[in-house]
Number of protein chains: 2
Amino acid sequence: MPTIKDVAKYLGVSVSTVSRALNNHPDIKPDTRHEVLEAMKRINYTPNAVARSLISRKSNTVGLMIPDITDPFFSAMAHDVEEVLTDNGYQVVYVNTSRKSDKEKRFLTSVMERKMDGIIVTPDFLDEEALDMLRRLEIPVVFLRRRPPQDLDMPFVDVDHYEGACHAMDYFFSLGHSRIGFMGMPKYSFTGQERYRGYVDSLKKRGLEPDPKGIVWEGRTIECGHKAMSKLMGEFPSMTAVFAANDLLGIGALEWLAENRLSVPAQMSVIGFDNLEVSNLHWIKLTTVAQPRKEMGRKAAEVLLQMLTENKLTAQSILLPTELIIRDTCTSASASDH
Amino acid sequence: MPTIKDVAKYLGVSVSTVSRALNNHPDIKPDTRHEVLEAMKRINYTPNAVARSLISRKSNTVGLMIPDITDPFFSAMAHDVEEVLTDNGYQVVYVNTSRKSDKEKRFLTSVMERKMDGIIVTPDFLDEEALDMLRRLEIPVVFLRRRPPQDLDMPFVDVDHYEGACHAMDYFFSLGHSRIGFMGMPKYSFTGQERYRGYVDSLKKRGLEPDPKGIVWEGRTIECGHKAMSKLMGEFPSMTAVFAANDLLGIGALEWLAENRLSVPAQMSVIGFDNLEVSNLHWIKLTTVAQPRKEMGRKAAEVLLQMLTENKLTAQSILLPTELIIRDTCTSASASDH
DNA sequence: CTGAAAGCGCTTACAG
DNA sequence: CTGAAAGCGCTTACAG
């Protein structure tokens, strides 16, 4: 691979001149610049970004830490993060943490060593060690779908899960439901907690006490929803509606209901959360709370970009609104009173 | 950020000694090594990977070029690529090409400048310019779900789409079908072409001539499948079975059939390709050709790793087998003769 | 406008 | 075993 020296030798000029041509430096005669650029083409010179980074202290790379690229949510966000960032000259290094603490830390170590310019993170574990690394980083950090710890003044980008859950509950109430079950995601899940808060607060606001029998925590998959629905029907038979903390759970519930010949929405109303593509399938048509996934990725990248260009370590957080998508899985409570 | 010099000064040793401690070099007294390592911790020293790369000519980064991380296929592969590679000390830089030629080229440029150690690529456009870059790269390249051009001796990892299509057709034939429709993905799609070849050859092998009226090309989405089914029923009404080149098309077909009160499989047998999660949903249960997605990503990473460690520019390609997953959308032809 | 020199943070022969 | 020196491929004051 030819270096800047080869180009200089080839033309009989100094490396400084070549460098200046490469960097569009004003202190160079347009003619020589042109010659140099031509010569570079001719000998197939490609600038070594590693050497440039060492001097400029800018690696032009951004880290993206997410739990699992396989989750349609994160892949949608990753898509837009990449788009915005590479359009601005950055390369994105991505890591799946698989929700493992040590993978998160390995990533942060890598961020320091590789001298990344900034990161977008969705951590699930932030112990003292990880926090310490985050503090020492001295580069822009934006939290995606997570909140930064109290003492770190870093921006986050997320959807308002709490508000979204309230929308769903409001809709149930407007339809006259009051015995509303809840299927939660794993308890450690931040988004799951927020949605649960919305469920509980919505009930309390109407003077209703959440019934522990109407609340199950099985996990986050379709199978879990299936199991959860079965459990709920056993423990809380008077239920007329169920709020699933995510669409997969909601779909599992619909599956169980279909298998047990309970008609939806006549006998049971269901609302999910996420608005996955599948939820709009002809056979499902799940009423759900939609969140703007791609926009979330885009916004996270934009916030990071802003910090990068303004050379600041903080910025304004963004909480995007949710939207209730009304489809075919809800009806008024009277229809389903048993 | 402290550098190796700071560590040396702190301890009153030379930078060479510090470097040797850092690299586990044998030429260092265990005691001093230990002291150095301790000192590094104390002053929060982190090695600068950029500087190390400049010397070692190894960036420990691998590029992953895929059309769209949002596609469950590519996200599944990306997941395992990342896992295998980071477990081996590499970081992965990923790019969505969105099937745009210039994005592919920008990526290749970046690969050269950034001195990536190797790449895994799923290109859709390889014109002379791109090929030229690929040739000049001088690093291991593995093709994922694509074939390298003739004159480039580079390995690929893929599933045997042709064989998969034959499996599907064999099954139709074993059920007595002969008037079998086909819905294809966009014609430029390599995987789509292979599946189409399997369809055509399977017919010919039985002395049947593919009927142009039984073949439609609408795209790759559910909506396309919906439209395609409608078209097919109009043009090729004697059809008793349809092979969809991917599951989304198959699901779109099922949707149209359900809307038009045609029962599946009694009146129409359907096979898809991909075995998406949704295809196993209670309401869908699509018979389909499964491909080992994650394994593909894993294998691609392993092949690359092998080339990287053996310092070779080529390796054995891998063609993974497909598997027909029989579910509920097929029955014998006699049932559906009309 | 151009070139010689120093230096980014490391590693690696080479002496000792 | 340890240190001084050269060098990876660039950029950037500093002179001229």
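What you see below is based on every heavy atom in this structure, not just the backbone, and it leaves out hydrogens, waters and symmetry mates. To find a chain, count down the sequence lines: A is the first, B the second, and so on, and within it residues start at 1.
Shown here are the side-chain hydrogen bond (donor to acceptor under 3.5 Å, both in side chains) partners of T70(A), two or more places apart in sequence or in another chain: there are none. Not counting sequence neighbours, the partners of S189(A) by the side-chain hydrogen bond (donor to acceptor under 3.5 Å, both in side chains) test are T191(A). Every residue two or more places apart in sequence or in another chain that forms a side-chain hydrogen bond (donor to acceptor under 3.5 Å, both in side chains) with R146(B) is listed here: D124(B).
Close to dT2(D), at under 4.0 Å from its OP1 or OP2, lies no side-chain N or O of T17(B).
For the pair R33(A) CZ and dT2(C) C1', the computed distance is 16 Å after rounding to whole Å. The interatomic distance linking H34(A) (NE2) with dC1(C) (C1') rounds to 18 Å, in whole Å.
Other residues, nucleotides and ligands contribute more than 12 heavy atoms inside 6.0 Å of the CG atom of D127(B).
Residue-level contact check: V50(B) touches neither bases nor backbone, having no heavy atom under 4.0 Å from any strand. At a threshold of 4.0 angstrom between heavy atoms, the contacts of T32(A) are confined to the sugar-phosphate backbone, with no base atom among them.
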Which nucleotides of nucleotides 7-13 of chain D have their base under 4.0 Å from a protein heavy atom (B), which only their sugar-phosphate (S), and which neither (-), written as one string 5' to 3'?
-> BBBBBBB
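With salt bridges taken as basic N to acidic carboxylate O contacts below 4.0 Å, none links K105(B) and D102(B). A salt bridge does not link R147(B) with E194(B): every distance from a Lys NZ or Arg NE/NH1/NH2 to an Asp or Glu carboxylate oxygen is 4.0 Å or more.
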Would you write the dot-bracket representation of DNA chain C, where each base gets (, ), [, ], | or . depending on whether it forms a Watson-Crick or G-U pair under 3.5 Å and with which partner?
-> |||.||||||||.|||
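Between the S75(A) side chain and the S75(B) main chain, no donor and acceptor come within less than 3.5 Å of each other.
Residue pairs meeting the ring-ring contact (aromatic ring centres under 6.0 Å, His included) criterion with at least one member in residues 71-102 of chain A, sequence neighbours excluded, are Y94(A)-Y94(B).
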